[in-house]
*Asks:* 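First, the structure itself, so that you have it in front of you.
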There are 2 protein chains.
Amino acid sequence: MLSASVKDVAALAGVSVGTVSNVLNRPEKVSPAVMTKVQMAIEKLGFVRNDAARQLRAGMSHSIGLVVLDAANPFFTDLARGAEDSAAAKGFSVLVGNSSDDERREASYLGLFEQQRVLGILLSPVGDILSRLEQLRRRGIPTVLVDRVSDNASFSSVGVDNVAGGEMAVRHLLSLGRRRIVFVGGPSSIRQVADRLTGARKAIKEVFDATLEVIEPDSLTVLSGRAAGEAIRNRPVEERPDAIFAANDLLAVGILQALMLMGTVQVPQEIALIGYDDIEFASAAVVPLSSIRQPSALIGSTALELLLQEVSAEPGFKTSRVVFPPELVVRASTRG
Amino acid sequence: MLSASVKDVAALAGVSVGTVSNVLNRPEKVSPAVMTKVQMAIEKLGFVRNDAARQLRAGMSHSIGLVVLDAANPFFTDLARGAEDSAAAKGFSVLVGNSSDDERREASYLGLFEQQRVLGILLSPVGDILSRLEQLRRRGIPTVLVDRVSDNASFSSVGVDNVAGGEMAVRHLLSLGRRRIVFVGGPSSIRQVADRLTGARKAIKEVFDATLEVIEPDSLTVLSGRAAGEAIRNRPVEERPDAIFAANDLLAVGILQALMLMGTVQVPQEIALIGYDDIEFASAAVVPLSSIRQPSALIGSTALELLLQEVSAEPGFKTSRVVFPPELVVRASTRG
DNA sequence: AGCTCGTAATGAAACGATTCATTACTAACT
DNA sequence: AGTTAGTAATGAATCGTTTCATTACGAGCT
C-alpha cells in the first residue's frame with residue numbers, strides 16, 4: 001500500500017476515476033458534494049499524484065533542464081537562481097546538471113534530459129555541439145544557449161559580449177600605465193575564455209609598446225589560480241608582469257592569494273589585477289578585486305523566458321540573440 | 001514523429017516489442033543477428049527511452065532528491081557535489097532543490113520529489129519536520145538528514161557536532177584574551193545556528209568575566225553580514241566587542257567588509273573574527289578568515305551511502321547517526 | 001520416429017493519470 | 001406531456017516500457 005492511486009481514491013469516495021481526475025484538474029466541473037467526498041478520500045489515503053504517469057500521458061514533463069559549466073562558480077549559481085525563480089513563477093521546475101567543463105558529463109546530462117522529455121534545455125556548452133543541438137531540436141526539444149552568444153542564427157542565446165569585456169579589462173589596465181600584461185585563462189577550448197582573450201588582444205594592439213603574455217591553467221578555479229600566481233611570484237622581479245587579467249574571479253582570487261603570500265608581491269603597486277564576473281566575494285578579497293560585471297541572474301531569467309517562448313512557438317517564430325553589455329567595476333586591486 | 005517508441009523500433013526491425021526491450025535490458029538473452037537489426041533500427045529512428053514510462057512501470061525512479069538550505073553557500077555546493085559523485089558512481093542521479101531557509105519552498109520540493117517517486121531524500125531541514133518525515137517514510141520514501149544530527153533515533157543523519165564547533169570557536173577567542181564577544185547568527189530557528197550558539201554559551205560560562213552578546217540577522221548571507229558589521233562599526237568605540245563569532249563564513253565575509261571599510265576597525269587588532277564552514281574563500285578574504293572546518297563533500301557522500309543502504313533495507317535494518325568532528329582553522333583574523 | 005530440453009522470440013497485461021465521447025439526470029420551456 | 005438544453009458523472013482507451021507466461025523451433029538423445 002505504498003502510495004494509493006486514483007483508482008483507490010475513486011473506490012473509497014464511491015465515484016469513478018474520471019471524476020477524481022476532474023477534482024484534481026478541473027474542479028469547476030465537479031459538484032460541491034462530490035468534491036468534498038473525493039477530497040476526504042484523498043486526505044485519508046494520503047494520495048500523491050504519480051508524476052511519471054502524468055508525464056507519460058501528457059507526452060512532456062513540466063521541467064526544464066539546465067547544464068552549467070561549473071556549479072561551484074557563483075556566477076552560475078546566480079544564473080541558475082534567476083532561471084529557477086523565473087520558472088517557478090510560471091509553474092515549471094528546473095533540473096540542474098553540472099558539466100564541470102567535461103564534454104562527457106555534458107553529453108550524459110543532455111541524454112538524461114532527453115529521456116526525461118524535458119520541455120527544453122538551457123545550456124552553457126563546453127565545446128562545439130551544434131549538431132547535437134540540431135538533433136535535439138529535431139526531436140522536439142528546443143535549446144537556448146546561456147552565457148554564450150550563438151554563432152548560428154537558428155538558436156536563441158543569451159550572453160554577454162565577452163570580447164567587449166576583455167577589451168574593457170585590458171584597456172583599463174593600459175590606462176593605468178601598465179604595459180606588460182599577463183592573461184590567465186584556460187582551457188582555451190572554453191569559448192568565453194577565448195573571447196575574452198580576443199578582446200584583450202584587440203586592446204593591446206592599440207598601444208604600441210604593450211605586450212600580452214598568455215598563461216593557460218587547467219581550469220577556472222581558485223586552485224588553478226593559486227598555481228598560476230605562484231608561478232608568477234617565483235619569477236625574478238624583472239620578469240614579472242605589471243598587470244594580470246584573469247579570465248574569471250575564481251582564478252583572480254587564487255592568483256591574489258599566491259601573490260600576497262608572505263607579502264612577496266604588492267597588489268596593485270607591483271602588479272595590478274583584474275578578474276571577471278564580479279562575484280560577491282570579489283569585493284571581500286584580501287585586496288578588493290576589480291572585475292567585469294555580468295548580470296548573472298538576469299541572463300538566467302531572460303534565457304528561461306526565451307525558452308518558454310520557443311516551447312510554445314507559433315509558425316512564424318524567430319529565435320533571438322540577446323547580448324548584455326559587460327560593466328567595469330574598479331576596486332583596490334587596480335588602484336594605485 | 002517527435003520521438004519514436006519501442007513499437008516503432010520493433011516494426012522497423014521486424015521483431016516484437018518484447019525483443020526490443022530485451023535488447024535494451026538483457027542483451028545476453030538476444031541472438032546476435034536480431035541484436036544488430038534492432039540496434040540499427042534504434043539508430044535510424046533516433047529512439048530515446050521514455051523515462052516516464054519506465055518509471056511508471058518500475059514504480060520508482062532512479063533519482064534521489066536533495067534539499068539544501070542555501071544553494072549559494074559553498075558549503076552546500078560541496079556537499080551536493082559529494083552526494084552527486086557518489087550517486088553517479090552507482091548509476092543514480094540527484095535532483096537538487098534549494099529551500100532558501102523557507103519552509104514553504106522546502107515543503108514544495110518535498111512534494112515535488114514525492115510526486116516524482118524518488119528513491120529517497122537527503123534533507124537539510126529548515127524547521128522541525130519530524131511528522132512530515134514520518135509521513136514520507138510511511139509512503140516508502142526513506143530520508144536521511146544532512147548537516148544535522150537527528151534528535152530521533154528512527155532517522156539516519158550525517159552531520160557535524162555544531163555544539164562542539166561553537167564551543168571550539170569561542171574557546172579560541174577566549175584563549176586570545178578576548179572577553180566581550182558577539183555572536184552573529186540567525187534566524188535562530190535554524191538548528192545549526194542554535195547549536196553553535198549553545199556551544200558558544202558553554203565556552204563563555206567557563207570564564208567568569210566573559211560576556212556574549214547575540215545579534216540575529218535575517219539570513220546567513222554576505223549581505224546580512226555586512227549589515228551586522230555596519231551596526232557594530234557605527235557604535236562608539238567603547239561599546240564595540242573585542243571579538244566576533246559569525247555563524248557561517250558568508251556572514252563573516254560580510255562583517256569583515258563592513259568593519260574594514262575606510263579602515264575604521266582593525267581586524268584582528270581591535271576585533272578578532274572567526275567564521276564557520278571554512279569555505280574556499282575564507283582563506284582569500286581581505287584578512288584571511290579563521291574558521292571551523294566541516295568535511296562538506298564527505299558529509300554528502302556519506303549521507304548518500306546511508307540512504308542507499310536504507311533503500312535496500314533488510315528486515316533488521318538499523319538507522320545510524322554519523323557525527324563528524326569539526327576542526328579549528330586559525331588564520332590572520334584571529335592572530336594578533 | 002518420438003521425446004525431452006533449452007534457447008529465442010512473442011505479445012498481452014500492467015503501471016497510473018488523463019481525456020473524451022457517451023450516458024444519466026434536471027430543469028426549463030413550449 | 002414532450003422536447004430541448006445543459007450539467008455531472010462515467011469508464012474505456014491511451015501514453016511507452018517492462019515483465020512474464022507462452023509459443024516456436026531445433027538439437028540431441030533413446
Side-chain angles (χ1 to χ4, degrees), chain A residues 1-39 41-42 45-63 111-112 114-119 139-141, chain B residues 1-39 41-42 45-62 111-112 114-119 139-140:
Chain A
M1 61 92 117
L2 305 134
S3 67
S5 75
V6 274
K7 215 183 284 181
D8 304 317
V9 173
L12 181 62
V15 299
S16 73
V17 291
T19 301
V20 176
S21 178
N22 282 338
V23 169
L24 261 21
N25 303 301
R26 315 99 115 143
E28 78 282 1
K29 295 269 159 212
V30 173
S31 71
V34 171
M35 187 81 184
T36 50
K37 255 199 307 182
V38 171
Q39 280 171 335
I42 287 177
L45 295 175
F47 166 78
V48 176
R49 271 151 120 131
N50 184 323
D51 210 47
R54 274 161 62 93
Q55 262 176 234
L56 174 57
R57 183 65 233 252
M60 268 281 153
S61 75
H62 37 266
S63 305
L112 193 68
E114 204 173 357
Q115 291 192 13
Q116 304 201 348
R117 300 292 192 273
V118 294
L119 222 44
R139 296 191 187 149
I141 303 183
Chain B
M1 60 92 118
L2 304 133
S3 66
S5 75
V6 274
K7 216 182 286 181
D8 303 317
V9 174
L12 181 60
V15 299
S16 73
V17 292
T19 301
V20 176
S21 179
N22 282 337
V23 169
L24 260 23
N25 302 302
R26 313 104 110 143
E28 77 283 0
K29 295 269 158 212
V30 174
S31 71
V34 171
M35 187 80 185
T36 48
K37 253 199 309 183
V38 172
Q39 281 172 334
I42 288 178
L45 295 175
F47 166 77
V48 175
R49 271 150 121 131
N50 184 324
D51 210 46
R54 298 184 67 180
Q55 261 176 235
L56 174 57
R57 182 64 233 249
M60 268 282 150
S61 75
H62 38 265
L112 193 67
E114 205 173 356
Q115 292 193 12
Q116 305 202 347
R117 301 291 192 273
V118 294
L119 223 44
R139 297 189 186 151

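This is a predicted model, so every value here is computed, not measured. Throughout, protein chains are lettered first and strands after them, A, B, ... in sequence-line order, and every chain is numbered starting at 1.
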*Asks:* When rounded to the nearest 0.5 angstrom, what distance separates CZ in A:R117 from CD1 in A:I141?
*Replies:*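 The CZ atom of A:R117 sits 7.0 Å away from the CD1 atom of A:I141.
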
*Asks:* Counting C-beta onward and ignoring hydrogens, is there a side-chain heavy-atom pair between A:V38 and A:I42 closer than 4.5 Å?
*Replies:* yes

*Asks:* If I take atom NZ in residue B:K7 and atom P in nucleotide D:dC15, what distance separates them, rounded to the nearest angstrom?
*Replies:*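 Atom NZ in B:K7 sits about 6 Å away from atom P in D:dC15.
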
*Asks:* What's B:V20 touching, base or sugar-phosphate or nothing? Going by heavy atoms closer than 4.0 Å.
*Replies:* nothing

*Asks:* With a 4.0 Å cut-off on heavy atoms, is B:G18 in touch with a base, just the backbone sugar-phosphate, or nothing at all?
*Replies:* base

*Asks:* For residues 22-33 of chain B, which residue pairs qualify under side chain to side chain donor-acceptor pair (under 3.5 Å), counting only residues two or more places apart or in two chains?
*Replies:* B:S21-B:N25, B:N25-B:R49

*Asks:* At less than 4.0 Å, is any side-chain N or O atom of B:R117 found next to OP1 or OP2 of C:dG16? Yes or no.
*Replies:* no

*Asks:* Given atom CG of A:N22 and atom P of D:dG11, what is their separation to the nearest angstrom?
*Replies:*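 Taking CG of A:N22 and P of D:dG11, I get 13 Å after rounding.
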
*Asks:* Out of C:dC15, D:dT10, C:dT18, which nucleotide sits closest to the side chain of A:V15?
*Replies:* D:dT10

*Asks:* May I ask you to decide if B:R139's main-chain N or O and A:S3's side chain share a donor-acceptor pair within less than 3.5 Å?
*Replies:* no

*Asks:* Nearest to the A:V6 side chain among C:dA8, D:dT19, C:dT18, which nucleotide is it?
*Replies:* C:dT18

*Asks:* Identify, between B:V17 and A:V48, the residue whose nearest nucleotide on DNA chain C lies closer to the 5' end.
*Replies:*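 On the 5' side of the pair lies B:V17.
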
*Asks:* Pick the nucleotide of DNA chain D nearest each of A:V34 and B:R54; which residue has the one closer to the 5' end?
*Replies:*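 Nearer the 5' end of the strand: A:V34.
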
*Asks:* Any heavy-atom pair between the side chains of A:F47 and A:L12 that's under 4.5 Å?
*Replies:* no

*Asks:* Provide, to the nearest angstrom, the distance between the CE atom belonging to A:M60 and the P atom belonging to C:dA17.
*Replies:*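 Taking atom P of C:dA17 as the reference, CE of A:M60 is at 21 Å.
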
*Asks:* Please give me the minimum heavy-atom distance between B:V34 and B:T19, naming the atom from each residue.
*Replies:* CG1-CG2, 3.6 Å

*Asks:* Considering only side-chain heavy atoms of A:R26, which listed nucleotide, D:dT19, C:dC20, C:dG16, is closest?
*Replies:* C:dC20

*Asks:* Nearest of D:dT18, D:dG16, C:dG16 to any side-chain atom of A:R57?
*Replies:* C:dG16

*Asks:* How bent is the helix from C:dA1-D:dT30 to C:dT30-D:dA1, measuring the angle between the end axes built from five pairs each, rounded to 10°?
*Replies:*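 Axis angle across the helix from C:dA1-D:dT30 to C:dT30-D:dA1, nearest 10°: 60°.
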
*Asks:* Where do A:A4 and A:L45 come nearest, in terms of heavy atoms and distance?
*Replies:*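 The pair with the smallest heavy-atom distance is CB-CB, 4.0 Å.
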
*Asks:* Roughly, in whole Å, what's the span from CG in B:L45 to P in D:dG16?
*Replies:*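 It works out to 13 Å between those atoms.
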
*Asks:* Report the nucleotide, chosen from D:dA9, D:dT18, C:dA17, that has the shortest atom-to-atom distance to any side-chain atom of A:S5.
*Replies:* C:dA17

*Asks:* Just by modelled atom types, is the A:V118 backbone N or O under 3.5 Å from a matching donor or acceptor in the A:S63 side chain?
*Replies:* no

*Asks:* Ignoring the backbone of A:L56, work out which of C:dT10, C:dG16, C:dA9 is nearest its side chain.
*Replies:* C:dG16

*Asks:* Does B:Q116 reach the side chain of A:N50, with side-chain heavy atoms less than 4.5 Å apart?
*Replies:* no

*Asks:* Hey, does the side chain of A:S31 come within less than 4.0 Å of D:dA9's phosphate (OP1/OP2), counting only N and O?
*Replies:*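 Yes, within the criterion.
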
*Asks:* From the options C:dG11, C:dG16, C:dT19, select the nucleotide whose nearest atom is closest to the side chain of A:A53.
*Replies:*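 Output: C:dG16.
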
*Asks:* Reckon B:N50 has a side-chain N or O less than 4.0 Å from the OP1 or OP2 of D:dT17?
*Replies:*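 No, outside the criterion.
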
*Asks:* Without decimals, in angstroms, what is the distance between B:K29 NZ and D:dC20 C1'?
*Replies:*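 Taking atom C1' of D:dC20 as the reference, NZ of B:K29 is at 12 Å.
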
*Asks:* Once you round it to whole Å, what is the distance between P of D:dG16 and CG of B:D8?
*Replies:*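 Going from CG in B:D8 over to P in D:dG16 covers 8 Å.
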
*Asks:* Return the nearest nucleotide to the side chain of A:T19; candidates are D:dT10, C:dA17, C:dA12.
*Replies:* D:dT10

*Asks:* To the nearest Å, give me how far apart NE2 (A:H62) and P (C:dA17) are.
*Replies:* 14 Å

*Asks:* Check every atom of C:dG16, D:dT18, C:dA9 against the side chain of B:R49 and return the nucleotide holding the closest atom.
*Replies:*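 For B:R49, the side-chain atoms sit closest to D:dT18.
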
*Asks:* I need the CG-P distance between A:L24 and C:dT19, as an integer number of Å.
*Replies:* 11 Å

